[in-house]
Every structure is written in C-alpha cells, then in structure tokens.
Undergrad: 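Pasting a structure here, questions to come.
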There are 2 protein chains.
Amino acid sequence: MPVAASGKLTLSEEQVQRIAKALADARRYEILKKLSARKAAIPCSEMLAGAGISPATLSHHMRELELAGLVLAEKDGKFVRYSLQQPVLRAYLDRLKADLA
Amino acid sequence: MPVAASGKLTLSEEQVQRIAKALADARRYEILKKLSARKAAIPCSEMLAGAGISPATLSHHMRELELAGLVLAEKDGKFVRYSLQQPVLRAYLDRLKADLA
DNA sequence: TCGATAATTCGACAACCATCAAAAAGATGT
DNA sequence: ACATCTTTTTGATGGTTGTCGAATTATCGA
C-alpha cells in the first residue's frame, strides 16, 4: 500500500532485509546499475547478453530483485521487461539513514 | 587511503560488497542500530546481554562488521569496545545513491 | 599466583544460496 | 501445426555462512 505521489513509502522490516540481501550479491548489484543507467525497461534477453551467466541464474536473480520490490516486471509478448523501482530504493536509503546515521 | 577531514572517502568495489553483506544479516543490522543509537563505544559483553546469541557468534559478527569497516574496535583492558564508523556508512549511502539512484 | 571475567579461535554442522543443464512453459511467425 | 525464440521451473551440486560448544588467550582483582 504505497501512498500516492506525496509521502515516502514505509518498508516493512522484512522488506528491508530482502532489499539488503538483494544488494549483497555482486551480480544483482550490476543488474540494478544497468537498470538505473537506462530509463527504459530492459528485457531478460538483453541483460543476458554479455553477463556471463545462464538464463536460469538470471531468472533467479530477477525473482529475488522483484521479491525485494526493487524491480518491476512487465510482460510484453515474448519478453519480460524489468525496470528499477526508484521509490523503493530511495525508501531503503532513507531507512538506512534513519536507523544508522 | 581515506582523505583527511574534508573529502568523502571512496570505497573500493570489494568494500562495497563487504558492507552490503554486513548489512544483509538481521543480527548485524541490530548491532549497528544499537551502536548508532549510542554515542559511546560499547563492549562485547554488553551487546551480548539479551542478544540471544553465543559469544562465539557475536565475535564472528563483530569481525565481519570490522572487516567491512563499519565499526572500529578499541581494546580497553579486559574489554573490546566497538563504535560505529559513520563516515564509512555515509560513503556507502552516497555510493548507492550514485550507482543506483 | 589463582580464580574469575572478557573475548577470540577452532572444529563441526545445518541451512542457505548461486549456479548450471535439462526440461517445460509461453509467445510469435509461418 | 510447427519451428523458433524467450523465460521459468526443476533437480542437483558446490560453496558460503550463521551457529554453537569447547578450548584458548588475555586481563583484572584478590
């Protein structure tokens, strides 16, 4: 239940942990960087190219990122396009700052 | 090679990953929150009280946090007191923001 | 020096996780 | 219907890691 456009969204304790774990893997971090660097949503097939991992592994990582709420999956015909959920990321940064800084 | 008092410190890729992993464990996150909430350095013995883990496990976690650079260990007689390294944490937050936001 | 307290190290174990190949599922075009 | 392309699922495997008990090191007070 994210609030409309105004308020920050609040992350559950569980989601904070999911996000932290999602960020703790180098491959997922690279995936997120790629998604962040580009405005448009990227299909799996493109992220697979040059990533050096199997489709199965990529699918696994995308699932983790989606469970963490960090990416949004949109089906488009054959493809599944992923986009970064910046509000969730920002909420996580705010949470870290509030809890630890 | 952290810069003196002015500039932000730059984290190596390896340290970023260490920090992310350190934050990805619920117990370590709680430890950091406790250290953040208090100004003074806290000895292991105090963190052990009510934490529900063995001394060995706590020692392991503190080692991980220290390797990540998130805490500083100071020996004081019998005790080892830990304090949060806020600059490192801030550098991590800045890094996340720069890479992903 | 002895006993008690604080913390680390060691060895072992269970749970978790990243990874892949192979098979399956879903979608498109012919 | 068929062949092709994209993604997911399944099953298995090797590596990592959180956890503890027991032993060890270090420090203090009596």
Side-chain angles (χ1 to χ4, degrees), chain A residues 13-35 38 40-85, chain B residues 13-35 38 40-85:
Chain A
E13 208 61 44
E14 190 201 359
Q15 197 173 1
V16 169
Q17 282 304 304
R18 274 193 191 279
I19 293 172
K21 288 209 174 198
L23 292 174
D25 179 86
R27 287 230 161 73
R28 286 192 291 260
Y29 195 83
E30 288 305 313
I31 290 169
L32 290 174
K33 274 212 283 193
K34 195 164 193 169
L35 288 174
R38 197 183 306 200
I42 306 182
C44 285
S45 51
E46 183 178 340
M47 284 187 284
L48 201 52
I53 57 176
S54 73
T57 300
L58 177 63
S59 189
H60 161 68
H61 284 316
M62 296 320 294
R63 183 175 164 273
E64 294 299 313
L65 290 172
E66 197 183 1
L67 280 175
L70 286 169
V71 304
L72 178 73
E74 289 169 292
K75 216 149 114 207
D76 176 41
K78 265 200 290 194
F79 303 91
V80 175
R81 290 204 305 256
Y82 288 93
S83 56
L84 184 61
Q85 292 288 90
Chain B
E13 208 60 45
E14 189 201 359
Q15 196 173 1
V16 169
Q17 283 303 305
R18 273 193 191 279
I19 293 172
K21 288 208 174 198
L23 292 173
D25 180 84
R27 287 229 162 72
R28 285 193 292 260
Y29 195 82
E30 289 306 313
I31 290 169
L32 290 174
K33 275 212 283 194
K34 194 166 195 168
L35 288 174
R38 197 184 304 201
I42 306 182
C44 285
S45 51
E46 184 179 338
M47 286 187 282
L48 201 51
I53 56 176
S54 73
T57 300
L58 178 64
S59 190
H60 161 68
H61 284 316
M62 298 317 295
R63 182 175 164 274
E64 294 299 314
L65 290 172
E66 198 183 1
L67 280 176
L70 286 169
V71 303
L72 179 72
E74 289 168 293
K75 213 149 114 207
D76 177 40
K78 263 201 294 192
F79 303 92
V80 176
R81 290 202 306 257
Y82 288 93
S83 55
L84 184 61
Q85 292 288 89

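Everything numeric in this text was worked out from a predicted model, so none of it was measured. The sequence lines fix the lettering, A, B, ..., with proteins before strands; numbering per chain opens at 1.
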Undergrad: A/Val80 and A/Ala73: which non-hydrogen atoms are nearest, and at how many Å?
TA: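 Looking at all heavy atoms of both residues, the shortest contact is CG1-CB, 4.1 Å.
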
Undergrad: Please give, in whole Å, the distance from D/dT16 C1' to B/Gln17 CD?
TA: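 About 14 Å, once rounded to whole Å.
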
Undergrad: Can you name the closest pair of heavy atoms from B/Ile53 and B/Leu48 and give their distance?
TA: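 Heavy atoms of B/Ile53 and B/Leu48 come nearest at O-CD1, 3.4 Å.
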
Undergrad: Is there a donor-acceptor pair under 3.5 Å between the side chain of A/Arg28 and the backbone N or O of A/Ala22?
TA: yes

Undergrad: At under 4.0 Å, does any side-chain N or O of B/Thr57 touch on OP1 or OP2 of D/dG18?
TA: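 For D/dG18, OP1/OP2 do not have a side-chain N/O of B/Thr57 under 4.0 Å.
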
Undergrad: Using every non-hydrogen atom in the two residues, find where A/Gly69 and A/Gln85 come nearest and quote the distance to one decimal.
TA: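 Closest approach of A/Gly69 to A/Gln85, heavy atoms only: O-CB, 3.4 Å.
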
Undergrad: Given atom CG of B/Leu65 and atom P of C/dA7, what is their separation to the nearest angstrom?
TA: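 Whole-Å distance recorded here is 15 Å.
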
Undergrad: Any side-chain N or O of B/Lys75 below 4.0 angstrom from OP1/OP2 of C/dA6?
TA: no

Undergrad: Within the distance-only criterion (no hydrogens, no angle test), does the side chain of B/Glu74 pair as donor or acceptor with the backbone N or O of B/Tyr82 below 3.5 angstrom?
TA: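 The answer is no, because no donor-acceptor pair under 3.5 Å joins these two groups.
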
Undergrad: Expressed in angstrom and rounded to an integer, what is the separation of B/Glu74 atom CD from C/dA6 atom C1'?
TA: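 Going from CD in B/Glu74 over to C1' in C/dA6 covers 17 Å.
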
Undergrad: Rounded to the nearest 0.5 Å, what separates atom CG in A/Leu35 from atom CG in A/Leu72?
TA: 11.0 Å

Undergrad: Toward the 5' end of DNA chain C, which comes first, A/Asp76 or A/Gly52, by nearest nucleotide?
TA: A/Gly52

Undergrad: For nucleotides 2-8 of chain D, read 5' to 3', which letter fits each nucleotide if B means a protein heavy atom sits under 4.0 Å from the base, S means only the sugar-phosphate is that close, and - means neither?
TA: ---BSSB

Undergrad: Does A/Lys21 put a side-chain nitrogen or oxygen below 4.0 Å from OP1 or OP2 of C/dC16?
TA: no

